[in-house]
Visitor: 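Just dropping this structure here.
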Amino acid sequence: MKKIIIFVILLFVFSSCTSDYDKRLKISATTWVGYTPLFYAKAKGWLKPLNIKLVNISSLAENMYLYSAGNADAYVGTQYEYGILSKDMKSLSPIMMFDKSNGGDLVMSNFSIEELQNTASPLDVYLELDSINHTLFKDFISKYNLSDKTINYINRDQSTIKLLKSNDKPTLIVTYVPYNFTLEKNGFKEVSSTKNNLDLLVVDAMFTKIEVFNQHEKQFLELKKLIDKSILALKKDPKEFYNTIKPYMTGITYDEFEDTLNDIEWINSKMSDGLKERLNVSGFPTRDLI
Amino acid sequence: MLKVGVQKFTFILVIALIVTLSSMFAYFHFKQQENTASVILKSIHSELSEVNYIVAKRIVGNKNAGTFRPLFDRVAANNDFVAAILIHDGKNVLLSTDPSYTYVPTSSQLQSSEESMYDKLLNQEAAEEKIRFYVGNKIDSLQLVFMLDKEEINTVFYKENLNFLILFVLTPLIMTLLLWIIVNKFVISPLELLRQFAYYQNKVPKAFMLKELEIIRYSMAETFERLEKEKRELYIVARTDSLSGLANRNALKEFLERLIADAKRRNEEFAMLFLDLDHFKSVNDSLGHNIGDDLLKRIAGIIDKVLRPNDFVARVGGDEFVIILQEYSSLRELTTIIDRIQNILTKTIVVQTNPINISSSVGIAFYPKDGEDIVTLMKNSDIAMYEAKKNGRSQYHFFTEELNKRVQDVIALEKDMKESLNNDEFELYYQPKVEIHSGKIVAMEALIRWISPTKGMIFPNNFIPLAEENGFIVEIGEWIFNTAIRQQKEFKEKGIDLKISINLSPKQLLVDNFVEDFIGVMQKSGTKPSSIDVEITENLFYKNNDKNIEILSAIHDYGVSISLDDFGTGYSSLSYLKDFPIDYLKIDKSFIDDFDKERGRVFIETIVKMGQTLKMEIIAEGVETAEQLEYLKSIDCDQYQGYYCSKPLCVKDFEDFYLKKG
């Protein structure tokens, strides 16, 4: 009788035991160059064993809303997307850093700064309003005294924006790499970026709620290792990295990709104390970072 | 009708319950699975239609297919069951949300022949709809495909199946097992205990928790206790004689069955006495049956009282009793017991103011000599009893004539022996003790002879053991001592001044004031203690050891020497030689007879050396040849006794022999 009881208990215990990765972790991301290590890991097939599903969204705002709606377990974005959701989600926290924009966010136009300042026509501005684009643009108009201009805000995804063609109307586009390359081909030119003229600090990170992190802790920890591994692979052999992630990065050449890398600074494994301080002061907590 | 145990019945019931419930749960589970699959498929197709509608309204051809990327990304990201969305023109994929899906799906990926929604969902890999749109006024079309996330779909159903397994298979199994344990503990085990209790009735089960079972247990315990009590009473009634209160024939039978088995195994005998009251019928006839019954009760009580704890008595008929005696060392002891019973019964018994004198006749049969089974023993003891009646009643009779004669002879001998002392039929004979070194007679041993006028000379071995048994030895011993002292005095007067040895029986030492009487006789006759020697045997060592040491030491201290007779044939021990005041060690004749054998010589020489070392003088008994004497001389033995010198002689002959020898 005792043997039967022990057998049944063991059966019950073993049947209750499940894999560490039994619950799928769904992460949504845009194809911003800073997030490419995620796509590299996906393309390499490293995410499957961890039961991680990576979905790509065209805009940061869409990405944020997808998470907000509960259709993703974690999302990537800038401190702007974090700031919006953290107001309502108290346990939301950055858990993984990717990069710091160093020219990767930029303003493009078919007019020069002077022409923009002097024109009397209203300015058409294409951007993702619910994203860092908006903050960046505010900084831009302030820096270049365009506040008195009539501005038509046109809210579009970057994948739509990149299809715009230059025409006679003064047009401003707030975008980020690699979408700038298509726009350049379409006749737009960079007028300002985080590399030179704009003071704005833009960092890219992954966010999730602490309770979700706790549920998927092992997957997140392993993912962080894979991100570091991917970035190392990138640094070691950018060409191979490019070829791997190319299908996700529509219409970007290797040269353009290489240029893009100059526009960001990887902060996945190390962040200066100054940057940490600056982030914490601006309401971007670093305590839960892996 | 098929009979099934509670355990098996419960097992079948539980199995039936499990099978029924599991079937029901399985049915609902598969139904639920089908519903879930249907809902998933419907949601996928609905979403597909919705996206198709949006795309169809905006698309203008292959060129702007890429503009739907944000829409597709959003839809694919929001729907867990969609792995990717793509548009193709039948040959090429124009847009895909996931670079790993860049091929046109085959028809087998799109269709499933399965009827079940669940199977369809599991087998189908993609869902497709045609996007119809106009280019100008010409209708064109592309294909919109939702690639299904098989992993997600499988996960959903895997989880459902796992939950089903845990909730509806494993949990019921555990519950069933627990139920089984509980039922086993509280119902089956108690029932088994009740069954064992009903069958063996040896152990009352402890109280049960279930009320109904406890009531049954309690009732059974009560009933069995009552039955046991009644059984005990019935057992006693069935084995007790209602009139006398003694054991009845049944009890006798049971007792004998056990006793015969025991006696057979131990190779022992026992005696069955068949006792019948003489002329009991006349008591009944003259005084009435009630007086007769009362008399029987009284007699039963008397017999019961006379017997020892291990003896057994049963009333087997009107005035018939059977007595079983197991512990007796001799026929004499047995007849003493029978005498005691018969003597007591001959005393007047007053029953309801009527003084009644009654005697009894006893027939005796022995197991296994006179019968090896109950029937034979009863029959033969009965026959013996009738012999006793025939011989004049109020006596006992053994079943075997030879035995009967032997007992009667012993009784006659005992009677004659007692009379012979009064009739002066005993006589002392004297055998010389010779000093080996000088060849001089230095002492004599007084030996009793019974000269019966009817039977002639009777040697001591024919009557001394009987005298020892019935205690007559004390009187004989006293006579020997007085006669020997008197004779020694007479011998002395005739110039024969010899130390005299007198044999002493252990029973004589038991007489109160033995030492005082012994010394008193010597003092009265003026006998020097040094002229008296007392011969004892080794039997004296182990009976009343301490008291015997005390008595012999007192005699020895007075000056009487002590000889140990027949040394080496009894229970000799060096510690006895140390404790008892022994002066002479008499080597038994059996050792002397072996003097011509090496082993015999070793024993003789050892005894001589040991005795001399212990400061004792050694006397060899039964010396019959010159060779024996020579040998004894060679080993420095002190004295000898035996036919070589002289056999025991009557007074006259001894005088002649001594004077002639002297």
Side-chain angles (χ1 to χ4, degrees), chain A residues 1-2 4-9 11-18 21-24 26-31 39 42-43 45 48 51-59 61-63 65-67 69-73 75 128 156-163 182 244-251, chain B residues 7 58 63-85 93-102 149-156 158-159 161-167 169-178 180-185 188-189:
Chain A
M1 183 60 79
K2 275 182 184 174
I4 297 171
I5 294 169
I6 291 166
F7 172 74
V8 171
I9 289 169
L11 187 72
F12 188 77
V13 169
F14 285 128
S15 65
S16 307
C17 290
T18 47
Y21 313 126
D22 70 312
K23 204 170 175 193
R24 177 181 272 194
K26 189 174 174 183
I27 299 168
S28 63
T30 64
T31 50
F39 292 96
K42 183 183 177 182
K48 209 166 183 180
N51 200 9
I52 295 173
K53 183 178 184 180
L54 182 68
V55 292
N56 56 315
I57 298 295
S58 301
S59 79
E62 185 69 31
N63 195 27
Y65 292 130
L66 184 77
Y67 177 79
N71 285 330
D73 298 308
Y75 72 104
E128 291 177 25
R156 292 281 188 275
D157 296 331
Q158 289 298 334
S159 58
T160 310
I161 291 171
K162 75 172 185 180
L163 301 172
T182 314
T244 307
I245 57 144
K246 192 180 167 186
Y248 298 94
M249 309 287 280
T250 47
Chain B
Q7 203 163 8
R58 294 184 191 168
K63 287 178 185 174
N64 78 331
T67 59
F68 297 102
R69 176 69 187 264
L71 172 68
F72 287 4
D73 278 343
R74 194 170 62 246
V75 172
N78 280 317
N79 195 326
D80 285 339
F81 302 112
V82 177
I85 299 173
V93 172
L94 306 176
L95 171 66
S96 170
T97 56
D98 191 327
S100 55
Y101 295 98
T102 52
D149 191 335
K150 303 301 290 179
E151 207 171 313
E152 187 68 31
I153 290 166
N154 287 335
T155 304
V156 168
Y158 167 75
K159 279 183 181 170
N161 287 335
L162 189 68
N163 286 340
F164 170 75
L165 207 69
I166 292 170
L167 289 174
V169 177
L170 207 59
T171 308
L173 265 176
I174 291 168
M175 293 305 290
T176 307
L177 186 69
L178 286 175
W180 174 254
I181 292 167
I182 290 166
V183 168
N184 199 49
K185 185 174 170 59
I188 295 170
S189 292

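To find a chain, count down the sequence lines: A is the first, B the second, and so on, and within it residues start at 1.
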Visitor: Identify which part of A/Lys162 has an atom lying under 4.5 Å from any heavy atom of chain B, answering side chain, backbone, both or neither.
Guide: neither
Visitor: Measure distances from A/Asn56 to the heavy atoms of chain B and classify the residue's part below 4.5 Å as side chain, backbone, both or neither.
Guide: both
Visitor: Any sub-3.5 Å donor-acceptor pair from A/Lys53's side-chain atoms to B/Ala77's backbone N or O?
Guide: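 Looks like no, no N/O pair under 3.5 Å.
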Visitor: Which answer fits B/Val75, side chain, backbone, both or neither, if we ask what part of it has an atom under 4.5 Å from a heavy atom of chain A?
Guide: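 For B/Val75, no heavy atom lies under 4.5 Å from chain A.
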Visitor: Hey, could you give me the NZ/NZ distance between A/Lys23 and B/Lys159, rounded to the nearest 0.5 Å?
Guide: 6.5 Å
Visitor: Is the number of heavy atoms from other residues, nucleotides or ligands under 6.0 Å of A/Lys246 NZ greater than 12?
Guide: no
Visitor: Of the listed residues (A/Val55, A/Ile57, A/Asp157, A/Asn63), which shares the most heavy-atom pairs with chain B below a 4.5 Å separation?
Guide: A/Ile57
Visitor: Take A/Thr160 and B/Thr67 through the side chain to side chain contact (heavy atoms under 4.5 Å, CB included) test and state the conclusion after the steps.
Guide: CA-CA 6 Å; A/Thr160 310; B/Thr67 59; over 6 Å; no
Visitor: Which bit of B/Thr97 is near chain A, if near means a heavy-atom gap under 4.5 Å: side chain, backbone, both or neither?
Guide: backbone
Visitor: Among B/Ser96, B/Pro99, B/Ala83, who wins on heavy-atom pairs under 4.5 Å with chain A?
Guide: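 Top option by heavy-atom pairs under 4.5 Å: B/Pro99.
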Visitor: State whether A/Arg24 and B/Glu151 are salt-bridged, where the test is any N-O pair (Lys NZ or Arg NE/NH1/NH2 against Asp/Glu carboxylate O) under 4.0 Å.
Guide: yes
Visitor: Go through the atoms of B/Asp98 and report whether side chain, backbone, both or neither lie under 4.5 Å from a heavy atom of chain A.
Guide: side chain
Visitor: In Å, rounded to the nearest 0.5 Å, how long is the span from CZ of B/Arg74 to OG of A/Ser28?
Guide: 13.0 Å
Visitor: Could you walk me through whether A/Lys26 and B/Asp80 pass the side chain to side chain contact (heavy atoms under 4.5 Å, CB included) test, one step at a time?
Guide: CA-CA 9 Å; A/Lys26 189 174 174 183; B/Asp80 285 339; 2.4 Å; yes
Visitor: Nearest 0.5 angstrom please: A/Glu62 CD to B/Leu71 CG, how far?
Guide: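 The CG atom of B/Leu71 is 9.0 Å from CD of A/Glu62, to the nearest 0.5 Å.
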Visitor: Side chain, backbone, both or neither: which part of A/Leu163 has an atom under 4.5 Å from a heavy atom of chain B?
Guide: side chain
